[in-house]
Amino acid sequence: MEGSCGGGGGGAGQMAVWQGRVGATNIGRLRQGKTTSSSSAAVAARGGGVTAWHLRVFAGVVGVMGCLLLVASLMMSAVHQVQFRNGAISRSFRGFQELKQNSVRTEEAEQIMHPRLLQMATSVVTKNESDSDSVKFSLWEEPYKQARKWKPCAAKHSLPDEVPEENNNGFILISANGGLNQQRVAVCNAVVVAALLNATLVLPRFLYSSVWKDTSQFGDIYQEDYFVNYMKSDVHIVKDLPPHLQSLDLEAIGSQITDMDISKEAAPSEFIKAVLPILQQNGVVHFLGFGNRLGFDSVPVHLQRLRCRCNFHALKFVPEIQRAGSLLVQRLRRAGAMRTEMDKQLFGSNMLDVPALLAGGEPSRYLALHMRFEEDMVAYSLCDFGGGDAEREELQAYRETHFPTLAMRLRNTSVSPEEQRSLGRCPLTPEEAGLVLTALGYDRGTFIYVAGSQIYGGAARLRPLTRLFPNLVTKEDVLSSAELAPFKNFSSRVGKTSNTSPASNAISSVVLTSERKKNKMQLAALDFIACASADVFAVTDSGSQLSSLVSGYRVYHGRGRAPTLHPNRKRYAQILGEEEGIGWGGFERRVRNMVEEYKRVSARPRGRSVYRQPRTPGCMCRAAGDGSVDF
């Protein structure tokens, strides 16, 4: 037994220490290998037993080392759950090591655009730690008294006394373009159009994007059967065209409708006038692209409710995403299952029951920051970000490849980066986002989850933010490589189809390939979940679909306790333009006023998206003081 974990002169005191280190799972082994200290002493006392004593000591040391290795391997997963919470997070953590390094290497100096403000913020962010609890708590709130008056009401069926008929005007197909969030909008708009035209909706397809490089389809992201069953009282949905329509060449018979054929944010009357005759004649219409083709203000209340039923209730992520998302959120909170309303909507029955990561105490709060500063966004903005000629040349080369139409327009038209910035068209840099959070009173200890981690400029661009807020993590830091592996090595099920009919080719949304591609859509779904569940969600780009959809989801399901920080980029550009003439106090006051204006609770303004601002008839109802509801 000398080679066991308890070998050598362990003693009762040493045994207690080992029980504390190893835990209950290995106490049995310790006890089995335990030897008495008296036997060791007896051996040492005999003059001729020195060599034997040395052998016993050596065997004991080897045994203890082997046991330590075993214990370490058993505890690796538990350590991973809390290691990113223990003190300040290292600035070289794995998630941000994967940032793009095309133009700026990690060893280069940080890129700073506002050195004076950043120097003041570096001093202030430490002082914020001394704020009173009431001041800190207000940072994590929204105007609850006003927000709680609005209740979700899209769960009601739009037409409760009617069931859609299978014998209708025909079938609607859509092939949605863009990324995860653009496609989500297209799906729910298609539901409304199918109901409007009294048609059957074929389960939407997703176009392959050269930017996203992802072959995911609807069933890889969302639960197909749940979606079909939830919407069955409103719209008839099938998974495929009937056989007699699959042989049709939809483009040849004039049934293919592109974004060029329908106005942007068109009124329902335009679909009735332009699309319904084709649908009635051919029995099928295929919308190719279908980005932002349906307006908001002209849509009747019962159809607006359909939109919200789809977005806020019918679209549920597949169980694999739900389980990984629940694990991600629980680790960020340092708590086990917390069945909030948001949890129920995001995870359903797939919320993992993970024991609390810390014994006692309240769950930790975290802020989610959508840092929309990827290379495509930066290039498309036509703004300068302090990188000089090298940056301008690199971004122009990117436009030539990915935005050829925009690049061609730039050859004939002069665009002023300064004017773009003054109009609020430039995405916030990590440095500018950090200045906003500091001005709002967040301190260095604030735990921040960063969505959209492919920051243009890499670590050098990110460093001013990490200097202010070192506790930054991404999903790659919170989840292990093994836990993320199913989403990074994904092959779409679409590639397995054998249907090669003209109609199926016309609506084919991917390039069929045997190459295994990184599934960015499912990874983006994890970002959606982490941002929706956050105690505070900070937005840096009002034009981002992720920011728009998450903000709306938090309004709808947040029960008045899910604030969103939303800087006005145009006003922020004005403030930064005057930075040489204002002190930190003036900067802080103006930034807080800017953000507070967005937090005001009001009904959806005319022209705004219901996905982003669902406080509108058909989606949410406002309760009056007497318990009645005005709409």
Side-chain angles (χ1 to χ4, degrees), residues 140-142 147 150 152 154 178-188 221-222 292 307-308 310-317 321-322 324-326 328-329 332-333 340-347 365-374 377 427-428 433 436-437 448-454 473-475 478 520-567 569 595 598-599 601 604 608-616 619-620:
W140 306 87
E141 287 185 319
E142 65 176 321
W150 293 84
L180 173 75
N181 302 288
Q182 294 93 325
Q183 292 169 349
R184 187 182 183 105
V185 170
V187 168
C188 293
I221 308 296
Y222 304 109
N292 299 322
R307 228 174 193 165
C308 293
C310 170
N311 183 53
F312 298 118
H313 294 280
L315 289 177
K316 302 294 186 186
F317 292 122
I321 295 177
Q322 289 182 324
S326 72
L328 173 64
V329 170
L332 288 169
R333 291 174 176 167
T340 65
E341 180 61 29
M342 189 72 73
D343 290 339
K344 295 175 184 177
Q345 295 297 329
L346 287 171
F347 310 124
R365 290 176 172 177
Y366 74 95
L367 180 149
L369 173 65
H370 184 214
M371 197 68 257
R372 189 69 171 94
F373 200 72
E374 293 92 342
M377 182 68 181
L428 268 60
V436 170
L437 295 178
I448 300 177
Y449 176 89
V450 180
S453 60
Q454 294 297 318
V473 295
T474 66
K475 54 186 170 292
V478 183
K520 293 184 179 179
M521 300 294 187
Q522 290 191 331
L523 292 173
L526 294 179
D527 276 340
F528 183 102
I529 288 171
C531 291
S533 300
D535 296 278
V536 175
F537 177 49
V539 175
T540 62
D541 174 33
S542 59
S544 161
Q545 285 282 14
L546 173 65
S547 296
S548 178
L549 288 174
V550 169
S551 297
Y553 207 89
R554 290 168 63 83
V555 168
Y556 190 87
H557 289 301
R559 298 297 193 262
R561 299 188 182 277
T564 295
L565 307 179
H566 195 293
R569 289 190 300 178
V595 173
Y598 183 84
K599 290 175 69 175
V601 176
R604 179 186 68 89
R608 298 298 178 88
S609 166
V610 299
Y611 301 113
R612 177 176 172 180
Q613 298 184 342
R615 295 187 182 108
T616 191
C619 290
M620 299 187 74

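Here the shortest heavy-atom pairing between Met342 and Ala532 reads CE-O, 3.5 Å. The shortest heavy-atom contact between Val539 and Ser551 is CG2-OG, 4.0 Å. Residues Phe312 and His557 approach most closely at O-NE2, 2.9 Å, considering heavy atoms. For the pair Val595 and Leu565, the tightest heavy-atom approach, listed with the atom from each and the gap, is CG1-CD2, 3.9 Å. Heavy atoms only, all atoms of each residue included: Cys531 and Ala368 are closest at CA-CB, 3.8 Å. Nearest heavy atom pair, residue Leu523 against residue Lys475, reads O-CE, 3.6 Å.
Within the model, atoms OG1 of Thr564 and OH of Tyr553 stand 14.0 Å from one another, a figure rounded to the nearest 0.5 Å. Expressed to the nearest 0.5 Å, how far NE2 of His313 lies from CD of Gln345 amounts to 6.0 Å. The OG atom of Ser544 sits 8.0 Å away from atom CD of Glu374, with the distance rounded to the nearest 0.5 Å. The OG atom of Ser548 sits 11.5 Å away from atom NE2 of His370, with the distance rounded to the nearest 0.5 Å. In this structure, the separation between CE on Met521 and OH on Tyr222 is 9.0 Å, given to the nearest 0.5 Å.
Checked by atom type and distance alone, the side chain of Glu341 never pairs as donor or acceptor with a backbone atom of Gly558 at under 3.5 Å. Remark: side-chain polar atoms of Tyr556 are not paired, donor with acceptor, to backbone N or O of Asn311 under 3.5 angstrom. With Gln182 contributing its side chain and Gly179 its backbone, the two residues share a donor-acceptor pair below 3.5 Å.
The pair Arg569-Asp541 meets the salt-bridge criterion, with a side-chain N (NZ, NE, NH1 or NH2) lying under 4.0 Å from an Asp/Glu carboxylate O.
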task: Start with the C-alpha gap between Tyr449 and Asp527, add the side-chain angles, then the distance that decides, and say whether side chain to side chain donor-acceptor pair (under 3.5 Å) holds.
output: CA-CA 9 Å; Tyr449 176 89; Asp527 276 340; 2.6 Å; yes

field: Test side chain to side chain contact (heavy atoms under 4.5 Å, CB included) applied to Val550 and Asn181, step by step
entry: CA-CA 9 Å; Val550 169; Asn181 302 288; 5.8 Å; no

query: Does the side chain to side chain contact (heavy atoms under 4.5 Å, CB included) test come out yes or no for Met620 and Arg604, once each step is laid out?
result: CA-CA 10 Å; Met620 299 187 74; Arg604 179 186 68 89; over 6 Å; no

task: Evaluate side chain to side chain contact (heavy atoms under 4.5 Å, CB included) for Trp150 paired with Val555, printing each intermediate quantity in order.
output: CA-CA 9 Å; Trp150 293 84; Val555 168; over 6 Å; no

query: Between Phe373 and Thr540, does a side chain to side chain contact (heavy atoms under 4.5 Å, CB included) hold up when you go through it step by step?
result: CA-CA 9 Å; Phe373 200 72; Thr540 62; over 6 Å; no

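Counting heavy atoms from C-beta outward, Ser533 and Thr340 have side chains that stay 4.5 Å or more apart. A 4.5 Å side-chain heavy-atom check between Leu180 and Ile221 finds at least one atom pair inside the cut-off. Residues Pro152 and Arg559 are in side-chain contact: their nearest non-hydrogen atoms beyond the backbone lie under 4.5 Å apart. Taking the side chain as every heavy atom from C-beta outward, Ser547 and Arg372 never approach each other to under 4.5 Å. Residues Ile448 and Leu437 are in side-chain contact: their nearest non-hydrogen atoms beyond the backbone lie under 4.5 Å apart. Between Arg554 and Pro563 the shortest side-chain heavy-atom distance falls below 4.5 Å.
Scanning for salt bridge (Lys or Arg N to Asp or Glu O under 4.0 Å) contacts around Arg612 gives an empty result, with sequence neighbours left out.
Judged by a 6.0 Å distance limit and a 45° cone about the ring axis, Arg184 is not positioned over the six-membered ring of Tyr611.
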